[in-house]
**Q** 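Okay, handing you the structure first.
Below, all heavy atoms of this structure are taken into account, side chains as well, without hydrogens, waters or symmetry copies. Keep in mind it's a predicted model, so treat the numbers as computed, not measured.
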Amino acid sequence: MSLLNKKSDKVRIMFVDEMNDLQSQIAEFFVKEMYEDRYSVQSAGPKFDYIDCELISVMYQLGNDIRAWNAKDFKYKNLDQTLDYIIFLEKETYDRIKDVIPWDAKHILMDFGRKENFEKATDDKELYECYCELIEKVRVWVKENFKDPANLESLVI
């Protein structure tokens with residue numbers, strides 16, 4: 001069975017974090033930047049919120065413009081309902097919703113933690129460094145694992 005969608009010849013993926021406000025936005029951005037020719041990519045979360053403002057700022061400072069992007073919850077009407085992979089970027093969210101997620105697709109889990117991990121930051125400089133570290137971890141993970149869509153199969157849980 002081909003991993004590619006016959007209609008678009010792209011693998012259809014959705015990145016998920018709790019409120020589609022942090023890791024899922026980063027992952028979606030980098031897949032679109034590096035591999036848009038291979039993937040139809042979107043992101044969402046079970047709860048609605050807004051994209052983390054500090055993330056938008058740090059991404060922009062690093063040359064990655066997500067200022068016009070919006071967070072989406074699972075009720076967002078324009079989400080592709082036919083997916084090949086749902087990629088959870090928080091273990092807590094995966095554990096809570098894995099059995100009730102409304103799409104039939106293979107699951108991948110890569111836990112990048114939550115913003116609560118930034119509690120170690122004691123000032124703005126350290127907080128900025130926390131964001132930069134997360135952005136770089138997600139960028140490297142995307143670069144290494146999404147180059148060849150066939151690689152995703154080895155990540156399925």
Side-chain angles (χ1 to χ4, degrees), residues 3 10-74 76 79-80 83-98 101 103 105-157:
L3 290 176
K10 293 182 180 183
V11 175
R12 298 157 304 179
I13 60 176
M14 179 189 294
F15 290 106
V16 173
D17 66 28
E18 189 69 23
M19 294 181 280
N20 189 221
D21 64 339
L22 195 61
Q23 311 90 318
S24 58
Q25 294 287 339
I26 301 167
E28 179 181 5
F29 176 83
F30 285 121
V31 170
K32 285 181 176 178
E33 284 291 304
M34 293 183 220
Y35 306 120
E36 189 169 34
D37 61 324
R38 299 165 209 175
Y39 297 94
S40 172
V41 60
Q42 60 191 357
S43 65
K47 297 178 183 174
F48 180 78
D49 199 359
Y50 296 94
I51 298 176
D52 184 294
C53 293
E54 291 157 333
L55 172 67
I56 293 170
S57 176
V58 174
M59 289 281 286
Y60 190 73
Q61 290 174 55
L62 297 174
N64 307 310
D65 192 356
I66 62 169
R67 291 175 298 166
W69 289 32
N70 295 302
K72 300 159 293 293
D73 65 10
F74 290 162
Y76 182 70
L79 289 177
D80 185 348
L83 300 168
D84 298 305
Y85 296 95
I86 299 169
I87 304 166
F88 294 88
L89 301 177
E90 296 172 330
K91 183 171 181 354
E92 290 176 44
T93 302
Y94 173 75
D95 289 343
R96 190 174 58 74
I97 67 170
K98 66 184 177 190
I101 197 151
W103 298 277
K106 296 176 182 176
H107 292 184
I108 293 172
L109 171 62
M110 178 56 190
D111 185 18
F112 286 104
R114 293 185 164 191
K115 189 174 178 179
E116 290 83 21
N117 296 350
F118 295 176
E119 290 175 353
K120 66 183 178 184
T122 59
D123 59 26
D124 288 344
K125 181 181 183 289
E126 289 181 2
L127 183 60
Y128 175 82
E129 291 168 355
C130 287
Y131 278 97
C132 288
E133 182 180 321
L134 174 63
I135 291 165
E136 183 61 10
K137 282 181 183 177
V138 174
R139 186 194 68 75
V140 167
W141 181 75
V142 164
K143 184 176 181 183
E144 291 174 355
N145 289 286
F146 290 80
K147 186 174 183 177
D148 180 356
N151 291 343
L152 296 183
E153 202 58 34
S154 68
L155 302 175
V156 172
I157 52 176

**Q** Would you say Tyr35's side chain and Asp148's backbone share a donor-acceptor pair under 3.5 angstrom?
**A** no
**Q** As a quick check of understanding, evaluate side chain to side chain contact (heavy atoms under 4.5 Å, CB included) for Lys143 and Arg139, giving each step before the final call.
**A** CA-CA 6 Å; Lys143 184 176 181 183; Arg139 186 194 68 75; 3.9 Å; yes
**Q** Under 4.5 Å between any side-chain heavy atoms of Met34 and Lys147, yes or no?
**A**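 In short, these two side chains do not touch, never coming nearer than 4.5 Å.
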**Q** Using modelled atom types and a 3.5 Å cut-off, is there a donor and acceptor pairing between side-chain atoms of Tyr39 and backbone atoms of Phe146?
**A** yes
**Q** Quick one: pull up CZ in Phe15 and CD in Gln42 and give me the separation to the nearest 0.5 Å.
**A** 10.5 Å
**Q** Rounded to the nearest 0.5 Å, how far apart are NZ of Lys106 and CG of Leu152?
**A** 9.5 Å
**Q** Do Tyr131 and Asp52 have side-chain atoms, one donor and one acceptor, less than 3.5 Å apart?
**A** yes
**Q** Between CG of Leu134 and CG of Asn117, what distance do you get to the nearest 0.5 Å?
**A**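 Reported value, rounded in 0.5 Å steps: 8.5 Å.
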**Q** Atom CD1 of Ile108 and atom CE of Met14: how far apart are they, to the nearest 0.5 Å?
**A** 13.5 Å
**Q** Does Asp65 come within less than 4.0 Å of Arg67, counting only side-chain N to carboxylate O?
**A**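 Judged by the 4.0 Å cut-off on N to carboxylate O distance, Asp65 and Arg67 do form a salt bridge.
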**Q** Applying side chain to side chain contact (heavy atoms under 4.5 Å, CB included) to Val156 and Tyr85, what does each step give before you reach the verdict?
**A** CA-CA 8 Å; Val156 172; Tyr85 296 95; 3.6 Å; yes
**Q** Between the side chain of Lys10 and the main-chain N/O of Glu36, is any donor-acceptor distance below 3.5 Å?
**A** yes
**Q** Any carboxylate oxygen within less than 4.0 angstrom of a Lys/Arg side-chain nitrogen, looking at Arg96 and Glu18?
**A**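 Looking at Arg96 and Glu18, the cut-off is met.
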**Q** Working note: Val142 + Val31, criterion side chain to side chain contact (heavy atoms under 4.5 Å, CB included); need CA distance, chi angles, decisive distance, verdict.
**A** CA-CA 6 Å; Val142 164; Val31 170; 3.6 Å; yes
**Q** Please tell me if the side chains of Ile157 and Phe88 come closer than 4.5 Å, counting only heavy atoms from C-beta onward.
**A** no
**Q** Step through the shown structure and confirm whether more than 12 heavy atoms of other residues, nucleotides or ligands are within 6.0 Å of NZ on Lys32.
**A**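 Yes.
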**Q** Run the side chain to side chain contact (heavy atoms under 4.5 Å, CB included) test on Leu62 and Cys132 for me, step by step, so that the C-alpha distance in whole Å, both residues' side-chain angles and the decisive distance to 0.1 Å come before the verdict.
**A** CA-CA 8 Å; Leu62 297 174; Cys132 288; 4.2 Å; yes
**Q** Output, in order, the C-alpha distance, side-chain angles, deciding distance and verdict of ring-ring contact (aromatic ring centres under 6.0 Å, His included) for Trp141 and Phe30.
**A** CA-CA 10 Å; Trp141 181 75; Phe30 285 121; over 10 Å; no
**Q** Heavy atoms only: give me the nearest Glu126-Asp123 pair and the separation to one decimal.
**A** N-OD1, 2.8 Å
**Q** Measure across Asp21 and Ser24 and return the closest heavy-atom pair with its distance rounded to 0.1 Å.
**A** N-OG, 4.3 Å
**Q** Asp17 and side-chain contact (heavy atoms from CB on, under 4.5 Å): which single residue from Lys115, Arg114, Glu92, Gln23 fits?
**A** Gln23
**Q** Look at the aromatic rings of Trp69 and Phe29 and report parallel, tilted or perpendicular, splitting at 30° and 60°.
**A** tilted
**Q** Rounded to the nearest 0.5 Å, what's the gap from CZ on Arg12 to CG on Leu83? Could you check?
**A** 7.0 Å
**Q** Can you tell me if Lys47 uses its side chain to pair, donor with acceptor, with the backbone of Gly45 under 3.5 Å?
**A** no
**Q** To check you understand the geometry: which heavy-atom pair defines the closest contact between Ser43 and Asn20, and what is its length?
**A**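 Heavy-atom minimum between the residues: OG-ND2, 2.8 Å.
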**Q** Assess the side chains of Ser57 and Gln61: does a donor N or O sit below 3.5 Å from an acceptor N or O?
**A** yes
**Q** Indicate the atoms forming the closest heavy-atom contact of Leu79 with Trp103, along with that distance.
**A** CD1-CZ2, 4.0 Å
**Q** Where do Glu144 and Asn151 come nearest, in terms of heavy atoms and distance?
**A** O-ND2, 4.3 Å
**Q** Tell me, do His107 and Ile101 make a side-chain contact under 4.5 Å, heavy atoms counted?
**A**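 When only atoms from C-beta onward are counted, Ile101 and His107 do touch, with a gap below 4.5 Å.
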**Q** Work out which heavy atom in Ala71 is nearest to a heavy atom in Ile51; give both atom names and the distance.
**A**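 For Ala71 versus Ile51, the nearest heavy atoms are N-CG1, 3.8 Å.
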**Q** Nearest 0.5 Å please: distance from the CG atom of Asn145 over to the CE atom of Met110.
**A**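 Answer for the CG-CE pair, Asn145 versus Met110, is 8.0 Å.
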